[in-house]
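Reading through the structure tokens given below for one structure.
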Amino acid sequence: MKEETRLLIQIPRGTYDVLPDESAVWQKIEETARKVCALFNYKEIRTPLFESTDLFQRGVGDTTDIVQKEMYNFKDRGDRSLTLRPEGTASVVRAFVEHKLYGLPNQPAKVYYIGPMFRYERPQSGRTRQFTQFGIEALGSQDPSIDAEVIALAMTFYQSLGLKKLKLVLNSLGDPESREAHRNALIAHFKPSIGEFCEDCQNRLEKNPLRILDCKKDHNHPLMETAPSIIDYLTDSARDYFSHVKEMLDEMGITYELDPTLVRGLDYYNHTTFEIMGSSKGAITTLTGGGRYNGLVSELGGPETPGVGFALSIERLLLALEVENISLQSEGALDCFISSIGDEAGKKASVILYELRQAGLRADKDYMDRKVKAQFKQADRDHAKFVIVIGDEELEQQKAVLKNMADGTQEQVAFVSLADFIKSKISSGV
RNA sequence: GCGGUUAUGGUGAAGUGGUUAACACACCGGAUUGUGGUUCCGGCACGCGUGGGUUCGAUCCCCACUAACCGCCCCA
């Protein structure tokens, strides 16, 4: 006994099991995602869970935390360096380039994916080492209306699940030219007084001054408010693009908040970036992150191709649903439960059970050798609409007792006509 | 990677340095013959995360480890 305890193998850190009572919610969410994607004409793409490590180093960016300290990488037996995907966009772009999807007549290529991602992090609320993302990508168009479409799809998805407390936050990082000008302005702004900031911010000054604006410790420093905003450094064309996106959203009636400090963590973003925030108990409220990434396809060896997309976490969605008290449970009611008394009746029950199932009825029976009373309890737990009772008398007469669990009425039905009888009862809306 | 909190049966949880580890829920069984969601009765941890130590004796004291939860960093 003690040995067993010692040998108990536990689930890996930062992972979790979706148990039988919980899986219906996941199925509901995934089904909703697929439906919404169909409405917007996005098709599913399925890529491997692991890829060449190089893909993420180049795609996500060498300086990002994801690449520097969060990747699950390993060598395979052929000494190749592989990595469990930390996000989906790099893989989608890789597939787009590798299969030359840019050559297809249907442009832009509009795809979605749902699946697990892996990041080696300290688990906490809304953060696990294996987590699930639903994401979409639209590759090949730089029409601002596709930026708006991507955002609209995410909002539609959440709304179809009943979420109300959503906040869309919008920003533009502009083109490379805009970003460089803004970066220089930020460094010039903070450098003289950088000593007054926290250690993290001092490190950020040269590496990524944009991040200083995100800092929670130095949030109240006077220089924060007066910091140069990216908006003021956008080139004319970048500004023009952004206002088109906003205009589309306005006309669609999608409300948003502008946040010039919104910086996304992956290197490939430019122009439109957005986050959708939800109400949450914990510190993490970001449900979705997304934006435009015009340089990524060429960075990964494809032709110069614009792209835009988002990724959202199902785990965080679940948290948001909980906060808003939304239950997606659909009852998995059993059509019929067979209760039997005695060995002979038990055998007959198995046969009838099989016949019911062949006839398309969701049915089950007792396998625990329980008493009739306990079998009824089981039927009740399974929300069975009908219970069939088979004992010696029923065997003799070749007729079963059929009980309607909703109103408690019983009647005798011949074994051979049980399936048809129950089906007609159910279809007539018992 | 850093910090805080916690770790008792299927679940939620009480508890004490020393014979039988509360209670509730769930589950199983019973309350006259083969029937559910109510009621009543009974059963259900040779064990208190793992490994050490202190002690005559530890689930309760100390140490380490592991894990979970929460926060920081960063992100979905």
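This one's a predicted model, so the numbers in the text were calculated from it and none came from an experiment.
- With C1' as the reference atom, B/C46 and B/U20 are 12 Å apart, rounded to whole Å.
- In this structure, the side-chain contact (heavy atoms from CB on, under 4.5 Å) partners of A/Ile341, at least two apart in sequence or on a different chain, are A/Val372, A/Val389.
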Nucleotides 4-8 of chain B: which of its N/O atoms have a protein N/O under 3.5 Å away?
none

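- With ring centers used as reference points, A/Tyr72 lies under 6.0 Å from A/Tyr120.
- Qualifying side chain to side chain donor-acceptor pair (under 3.5 Å) partners for A/Arg292, counting only residues two or more places apart in sequence or in other chains: A/Asp147, A/Tyr241, A/Asn294.
- Between the side chain of A/Glu121 and the base of B/A76 there is at least one donor-acceptor pair of N/O atoms closer than 3.5 Å.
- Each of A/Gln133 and A/Ile11 has a nearest nucleotide on RNA chain B; the 5'-most of these lies closest to A/Ile11.
- Going from the C1' atom of B/C60 to that of B/A22 covers 15 Å, rounded to whole Å.
- Note on A/Ala379: nothing from the nucleic acid sits closer than 4.0 angstrom, heavy atoms only.
- With hydrogens and angles left out, the side-chain atoms of A/Tyr293 and A/Glu299 include no donor and acceptor closer than 3.5 Å.
- Within residues 387-400 of chain A, the residues having any heavy atom closer than 4.0 Å to RNA chain B are, in order of number, A/Val389, A/Glu393, A/Glu394.
- When heavy atoms are screened at a 4.0 angstrom cut-off, A/Gly135 is found touching no nucleic acid atom at all.
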### Query
Checking salt bridge (Lys or Arg N to Asp or Glu O under 4.0 Å) for the pair A/Glu44/A/Arg46: CA distance, chi angles, key distance, verdict?
CA-CA 7 Å; A/Glu44 186 177 14; A/Arg46 301 193 185 197; 3.1 Å; yes
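- Taking atom CD of residue A/Gln378 and atom C1' of nucleotide B/G29, one finds them 16 Å apart after rounding to whole Å.
- When the options A/Ile276, A/Thr89, A/Leu153 are evaluated for a side-chain contact (heavy atoms from CB on, under 4.5 Å) with A/Phe310, the one that passes is A/Leu153.
- For a distance-only test at 3.5 Å, the side chain of A/Gln375 fails to qualify as a donor-acceptor partner of the base of B/U35.
- Remark: the A/Ser417 side chain and the A/Asp420 side chain contain no N/O donor-acceptor pair separated by less than 3.5 Å.
- Closest contact between the side chain of A/Gln124 and the listed nucleotides B/C75, B/C70, B/C28 involves B/C70.
- Note on A/Gly290: nothing from the nucleic acid sits closer than 4.0 angstrom, heavy atoms only.
- Under the salt bridge (charged side-chain N to carboxylate O under 4.0 Å, His left out) criterion, A/Glu257 pairs with A/Lys167, sequence neighbours left out.
- Mapping A/Glu70 and A/Thr409 onto RNA chain B by nearest heavy atom places A/Thr409 at the nucleotide closer to the 5' end.
- The interatomic distance linking A/Tyr269 (OH) with B/A76 (C1') rounds to 10 Å, in whole Å.
- When rounded to the nearest whole Å, the span between CD1 of A/Ile136 and P of B/A76 equals 15 Å.
- Side-chain atoms of A/Thr15 and A/Gln130 include no donor-acceptor pair closer than 3.5 Å.
- Distance noted for atom P between B/G53 and B/U59: 14 Å (whole Å).
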### Query
Based on Watson-Crick and G-U pairs with both distances under 3.5 Å, what dot-bracket line describes RNA chain B 5' to 3', crossing pairs as [ ] and inter-strand pairs as |?
(((((((..(((.....[....))).(((((.......))))).....(((((..]....))))))))))))....
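- In this structure, the OH atom of A/Tyr16 is 12 Å from the P atom of B/C69, given to the nearest Å.
- If you measure from atom CD1 of A/Ile276 to atom C1' of B/A76, you get 12 Å, rounded to the nearest angstrom.
- Comment: A/Lys425 engages A/Glu411 in a salt bridge, judged by a side-chain N to carboxylate O separation of less than 4.0 angstrom.
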Anything under 3.5 Å between a protein N or O and an N or O of nucleotides 40-45 of chain B, put it in a table, one pair a line.
none

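- With C1' as the reference atom, B/G12 and B/G71 are 26 Å apart, rounded to whole Å.
- In this model, the phosphate group of B/C27 is approached by a side-chain N or O of A/Arg381 to a distance below 4.0 Å at OP1 or OP2.
- Nearest heavy-atom pair across A/Pro86 and A/Met117 is O-CB, 3.9 Å.
- Taking the C1' atom of each, B/U55 and B/A68 are spaced 31 Å apart, rounded to whole Å.
- Using a 4.0 Å heavy-atom cutoff across all strands shown, A/Leu317 reaches no nucleic acid atom at all.
- Residues meeting the side chain to side chain donor-acceptor pair (under 3.5 Å) test with A/Tyr16, sequence neighbours left out: A/Glu315.
- In this model, a donor atom of one side chain and an acceptor atom of the other lie less than 3.5 Å apart for A/Glu51 and A/Ser91.
- With B/G29, B/A76, B/G36 as the candidates, the nucleotide lying closest to the side chain of A/Arg370 is B/G29.
- For A/Arg13 against B/A68, no side-chain N or O and base N or O form a donor-acceptor pair under 3.5 Å.
- A salt bridge does not link A/Lys371 with A/Asp366: none of the charged nitrogens is closer than 4.0 Å to a carboxylate oxygen.
- Defined by atom type and a distance below 3.5 Å, a donor-acceptor pair is missing between the side-chain atoms of A/Asp54 and A/Ser52.
- Comparing the P positions of B/U50 and B/G43 gives a spacing of 28 Å, expressed to the nearest Å.
- One interatomic measurement links the two molecules: CD of A/Glu315 to P of B/C69, which rounds to 12 Å at whole-angstrom precision.
- The salt bridge (Lys or Arg N to Asp or Glu O under 4.0 Å) contacts involving residues 22-33 of chain A comprise A/Glu31-A/Lys35, where partners must be two or more places apart or lie in separate chains.
- Annotation: B/A76 and B/C2 have their P atoms spaced 24 Å apart (nearest Å).
- Between A/Phe134 and A/Phe157, the gap from one ring centroid to the other is short of 6.0 Å.
- Listed by first then second residue, pairs satisfying salt bridge (Lys or Arg N to Asp or Glu O under 4.0 Å) with a partner in residues 379-405 of chain A read A/Asp335-A/Lys385, not counting sequence neighbours.
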With the criterion being N/O to N/O and under 3.5 Å, what pairs connect the protein with nucleotides 30-32 of chain B, and how long is each?
from	atom 1	to	atom 2	distance (Å)
B/G30	OP1	A/Lys371	NZ	2.7
B/A31	N6	A/Lys373	NZ	3.2

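- Straight-line distance from the CG atom of A/Leu319 to the P atom of B/A76: 16 Å, rounded to whole Å.
- The CG atom of A/Leu19 sits 13 Å away from the C1' atom of B/U11 (whole-angstrom rounding).
- At the heavy-atom level, A/Ala374 lies under 4.0 Å from the strands shown only through sugar-phosphate atoms.
- Between B/U32 and B/A21, the two P atoms lie 34 Å apart (nearest whole Å).
- Residues meeting the salt bridge (charged side-chain N to carboxylate O under 4.0 Å, His left out) test with A/Lys69, sequence neighbours left out: A/Asp65.
- Between A/Ser125 and B/C70 there is a side-chain polar atom (N or O) within less than 4.0 angstrom of OP1 or OP2.
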